[in-house]
Amino acid sequence: MIGGLSSIKARLRECIESPLKYSGIFSAMKIKNLRGILLYGPPGTGKTLVARAIATESGANFISIKGPELLSKWQGETEKGIREIFRKAKQIAPCIVFFDEIDSLMSVNGHSDSRQISVAAQFLTELDGIEGLENVIAVGATNRMEEF
């Protein structure tokens with residue numbers, strides 16, 4: 001794992017790594033898994049490195065998406081991309097889906113247009129929808145926390 005930041009690493013293990021590694025125990029105890037986590041900080045502080053390290057330590061598959069890559073000028077294509085990512089993640093679970101620059105996809109600070117609202121709604125539907133995410137955790141990263 002990464003050197004230093006012991007308390008943060010312990011918290012990440014508790015929230016992400018343990019539920020993925022010991023999913024049977026969590027299911028037996030009827031403990032719901034965390035659906036997602038948001039990492040924030042200035043560029044170059046290791047948010048992507050932390051997400052990759054968590055996936056490696058927990059033995060989970062890792063899907064990395066840069067937020068701007070999903071954006072499409074065509075109506076509904078961004079939402080379709082989000083659905084496809086989560087569909088693939090469910091197939092290869094346990095999986096960590098990492099959304100870098102997640103602020104480019106959605107903003108909830110009141111300055112959102114209808115398209116960003118639609119993308120945010122699709123993202124939240126995938127996280128907390130009817131089907132549920134078994135052994136899939138979304139990790140978002142941003143350097144603009146004021147967007148959220």
Side-chain angles (χ1 to χ4, degrees), residues 1-74 76-108 115-145 147-148:
M1 188 88 174
I2 303 163
L5 304 173
S6 299
S7 63
I8 294 171
K9 288 190 302 187
R11 180 70 183 202
L12 289 172
R13 277 194 184 103
E14 176 186 314
C15 294
I16 297 175
E17 186 180 329
S18 295
L20 290 176
K21 269 188 171 178
Y22 310 111
S23 61
I25 296 170
F26 277 69
S27 297
M29 297 178 69
K30 297 185 185 229
I31 298 173
K32 289 190 176 187
N33 290 350
L34 180 72
R35 300 294 173 113
I37 191 167
L38 180 65
L39 303 174
Y40 66 94
T45 55
K47 297 177 293 290
T48 304
L49 178 64
V50 166
R52 286 186 192 275
I54 292 167
T56 301
E57 288 286 318
S58 62
N61 292 303
F62 186 75
I63 299 175
S64 180
I65 306 296
K66 290 191 186 326
E69 289 175 356
L70 275 177
L71 294 176
S72 173
K73 64 181 180 178
W74 306 108
E77 287 298 310
T78 303
E79 293 87 338
K80 180 181 176 184
I82 291 171
R83 280 191 303 273
E84 286 298 309
I85 289 165
F86 280 100
R87 184 187 60 77
K88 288 177 187 174
K90 289 175 192 175
Q91 289 176 343
I92 62 171
C95 184
I96 292 176
V97 183
F98 178 67
F99 291 91
D100 199 7
E101 300 175 37
I102 196 167
D103 51 279
S104 65
L105 289 175
M106 61 190 105
S107 174
V108 292
R115 195 164 160 198
Q116 282 180 317
I117 292 169
S118 176
V119 171
Q122 182 63 50
F123 188 83
L124 294 173
T125 299
E126 293 299 327
L127 279 180
D128 201 28
I130 294 171
E131 291 180 23
L133 292 176
E134 292 298 321
N135 295 323
V136 175
I137 297 176
V139 177
T142 183
N143 58 6
R144 294 190 286 173
M145 193 60 185
E147 294 293 318
F148 295 93

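Heads up: numbering here begins at 1 and tracks the sequence.
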**Message:** Going by side-chain hydrogen bond (donor to acceptor under 3.5 Å, both in side chains), name the residues that satisfy it together with E69, two or more places apart in sequence or in a different chain.
**Reply:**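 If we apply the side-chain hydrogen bond (donor to acceptor under 3.5 Å, both in side chains) test to E69, skipping adjacent residues, there are no hits.
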
**Prompt:** Can you list the residues that meet the side-chain hydrogen bond (donor to acceptor under 3.5 Å, both in side chains) rule with R83, with sequence neighbours excluded?
**Reply:**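 With neighbours one apart ignored, the set is Q122.
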
Test of understanding: with side-chain contact (heavy atoms from CB on, under 4.5 Å), list the residues that count as partners of [X], not counting sequence neighbours.
X: E84; answer: R87
X: P68; answer: K66, E101, S104
X: N61; answer: I92, C95
X: T56; answer: none

Supply the atom-to-atom distance [X] [atom1] to [Y] [atom2], rounded to the nearest 0.5 angstrom.
X: L49; Y: L39; atom1: CG; atom2: CG; answer: 11.0 Å
X: I63; Y: F98; atom1: CD1; atom2: CZ; answer: 13.0 Å
X: S64; Y: I85; atom1: OG; atom2: CD1; answer: 10.0 Å
X: F99; Y: L70; atom1: CZ; atom2: CG; answer: 6.5 Å
X: K90; Y: K88; atom1: NZ; atom2: NZ; answer: 14.0 Å

**Request:** Walk me through it: do V50 and L12 pass the test side-chain contact (heavy atoms from CB on, under 4.5 Å)?
**Result:** CA-CA 9 Å; V50 166; L12 289 172; 3.5 Å; yes

Please report the shortest heavy-atom distance between [X] and [Y], naming the atom on each side.
X: A89; Y: V97; value: CB-CG2, 3.5 Å
X: L105; Y: L71; value: CD2-CD2, 3.8 Å
X: N143; Y: P43; value: ND2-CG, 3.2 Å
X: V136; Y: A93; value: CG2-CB, 4.1 Å
X: C15; Y: I137; value: O-CD1, 4.3 Å

**Prompt:** With no hydrogens and no angle check, is any side-chain donor or acceptor of K47 less than 3.5 Å from a backbone partner on G140?
**Reply:**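 Looks like no, no N/O pair under 3.5 Å.
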
**Asked** Got a donor-acceptor contact below 3.5 angstrom from the T142 side chain to the Y40 backbone?
**Response**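 Flag not set: sc T142 to bb Y40 has no pair under 3.5 Å.
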
**Message:** I'd like to check I54 versus F62 (side-chain heavy atoms, cut-off strictly below 4.5 Å). Are they in contact?
**Reply:**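 A side-chain contact is absent here, since even the closest heavy-atom pair is not under 4.5 Å.
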
